[in-house]
Amino acid sequence: MTTDGTISIRVNGEHRRVTQGITLAGLAAELGLDPSKVAVERNLEVVPRSTLADVPVEDGDELEIVHFVGGGDHPGPAGDVADDSWTVAGRRFRSRLIVGTGKYKDFAQNAAAVAASGAEIVTVAVRRVNIADPKAPMLTDFIDPKVITYLPNTAGCFTADDAIRTLRLAREAGGWTLVKLEVLGEAKTLYPDMIETLRATEILAKEGFEPMVYCADDPIAAKRLEDAGAVAIMPLGAPIGSGLGLQNPVMIRLIVEGAKVPVLVDAGVGTASDAAAAMELGCDGVLMNTAIAEAKDPVMMASAMKSAVASGRLAYRAGRMGRRMYADPSSPLAGLI
């Protein structure tokens, strides 16, 4: 709750501030809806219509308000994108773009970029508290973890033991079990050490963590990670921070085809077309940091990435035309003058 007596919630995918203490029925009326003609889901649980006037809205609530509409019309692209959610470890998200929280000039710019991207998940590094200045600004002052899902990661870890230790601390600090695991092989390429990554995945899964795992673009390694308990497979598109775009789309496509958990391209995206290309391969999402943070206008680039991920996903669902070796005229030849 803020000092103005309002709280932050999400209604049908959109952030909204409402007066503290308002009930679900009051919210419906405030939105111009008849509470007797809608159904409400609150934090993935359906609220009986008879109790809408008695249930208060709380800070951080995720609400879906639905009603019946006439069927039969084919939805346009905007409807397709809005309805195309995805799940990881039982959690449902609409945005397929995950963004990092490093390299920005300050927290305010970071928060503005996250808002422009539409991302519902941000990765966060686990670092020591600044005991020399405990009142220094913190990320949580700008990006509310009750509204945006924090995904603690193990950036900078080069052994399984270091990564496991880091995530145990993250769980203790914030209760997080959905985490991003990366175990690096060496500092020059920041390429994943797959032996250590697999070992860490197995241990973390047994301890109740739900690891989303950064890995090599290797279908066999991806399958082993899934079997070890990874809830998402995250092959690199190119070296971390390189901006080179997808260097091995064939292998990423094979990972997508063989996986039973979400697949997200992680690392290497440089611009919007790279993000669209990843989504056109059938990936469930894209994770990026440097491509946005180091753009000349990070907030504008974040908006571009939002559009690229959505259009790439829509193109994948639509099914691209087949490739041909020769021209095929789009205009009929019959009746040619």
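Please read these numbers as outputs of a predicted model, since none were measured by experiment.
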Would you say that [X] contacts [Y] through its side chain, given a criterion of any heavy-atom pair below 4.5 Å between the two side chains?
{"X": "V88", "Y": "D284", "value": "no"}
{"X": "V11", "Y": "V18", "value": "no"}
{"X": "L24", "Y": "L63", "value": "yes"}
{"X": "L225", "Y": "M194", "value": "yes"}
{"X": "V213", "Y": "M234", "value": "no"}
{"X": "F107", "Y": "T140", "value": "no"}
{"X": "V55", "Y": "V40", "value": "no"}
{"X": "F209", "Y": "L167", "value": "yes"}

Heavy-atom donor-acceptor pair, [X] side chain to [Y] backbone, under 3.5 Å:
{"X": "T154", "Y": "E182", "result": "yes"}
{"X": "T23", "Y": "G26", "result": "yes"}
{"X": "T51", "Y": "D54", "result": "no"}
{"X": "S95", "Y": "L97", "result": "yes"}
{"X": "D274", "Y": "G270", "result": "yes"}
{"X": "R49", "Y": "V38", "result": "yes"}
{"X": "N12", "Y": "I65", "result": "yes"}
{"X": "R96", "Y": "K306", "result": "no"}
{"X": "S242", "Y": "G268", "result": "no"}
{"X": "D106", "Y": "A108", "result": "yes"}

Say you draw a straight line from [atom1] of [X] to [atom2] of [Y]; how long is it, rounded to the nearest 0.5 Å?
{"X": "T159", "Y": "L184", "atom1": "OG1", "atom2": "CG", "value": "10.5 Å"}
{"X": "I203", "Y": "L198", "atom1": "CD1", "atom2": "CG", "value": "10.0 Å"}
{"X": "D161", "Y": "E196", "atom1": "CG", "atom2": "CD", "value": "7.0 Å"}
{"X": "I233", "Y": "M212", "atom1": "CD1", "atom2": "CE", "value": "10.0 Å"}
{"X": "T201", "Y": "D227", "atom1": "OG1", "atom2": "CG", "value": "11.5 Å"}
{"X": "L287", "Y": "C283", "atom1": "CG", "atom2": "SG", "value": "12.0 Å"}

### Task
Check the pair V269 / M305 against side chain to side chain contact (heavy atoms under 4.5 Å, CB included), numbers first and verdict last.
CA-CA 10 Å; V269 169; M305 291 300 187; 3.9 Å; yes

### Message
For a quick check under 3.5 Å, do S8 and K146 share a side-chain donor-acceptor pair by atom type?
### Response
no

### Audit row: E207, R168, salt bridge (Lys or Arg N to Asp or Glu O under 4.0 Å) steps and yes/no
CA-CA 9 Å; E207 293 186 5; R168 285 171 177 164; 2.4 Å; yes

### Query
Can you tell which of T123, D144, L178, V124 makes a side chain to side chain contact (heavy atoms under 4.5 Å, CB included) with Y150?
V124

Answer with yes or no whether the hydrophobic clustering places [X] together with [Y]; edges join I, L, V, M, F, W, Y residues whose side-chain heavy atoms lie under 4.5 Å apart.
{"X": "I148", "Y": "M288", "answer": "yes"}
{"X": "L264", "Y": "V231", "answer": "yes"}
{"X": "I121", "Y": "L139", "answer": "no"}
{"X": "I255", "Y": "V261", "answer": "yes"}
{"X": "F158", "Y": "I240", "answer": "yes"}

#### Entry: side chain to side chain contact (heavy atoms under 4.5 Å, CB included) assessment of L236 paired with Y191
CA-CA 9 Å; L236 77 168; Y191 203 78; 3.8 Å; yes

### Query
Can T149 and R91 be said to form a side chain to side chain contact (heavy atoms under 4.5 Å, CB included), step by step?
CA-CA 10 Å; T149 296; R91 298 165 175 82; 5.6 Å; no

What heavy-atom pair brings [X] and [Y] nearest, and what distance separates the two atoms?
{"X": "G229", "Y": "P211", "value": "O-CD, 3.7 Å"}
{"X": "P35", "Y": "A25", "value": "CG-O, 3.6 Å"}
{"X": "G60", "Y": "I9", "value": "N-CG2, 4.3 Å"}
{"X": "T177", "Y": "G208", "value": "CB-O, 3.9 Å"}
{"X": "P239", "Y": "L244", "value": "CD-CD1, 4.4 Å"}
{"X": "Y214", "Y": "P192", "value": "OH-CD, 3.6 Å"}

Taking everything shown except [X] itself, do over 12 heavy atoms lie less than 6.0 Å from its [atom1]?
{"X": "I195", "atom1": "CD1", "answer": "no"}
{"X": "R171", "atom1": "CZ", "answer": "yes"}
{"X": "E186", "atom1": "CD", "answer": "yes"}

#### Entry: Test: R253 and E257 ion pair at under 4.0 Å
yes

### Query
Can we say R10 and E120 salt-bridge, meaning some charged N sits less than 4.0 Å from an Asp/Glu carboxylate O?
yes

### Query
With under 30° as parallel and over 60° as perpendicular, where do the rings of F93 and W86 fit, or are they tilted in between?
tilted

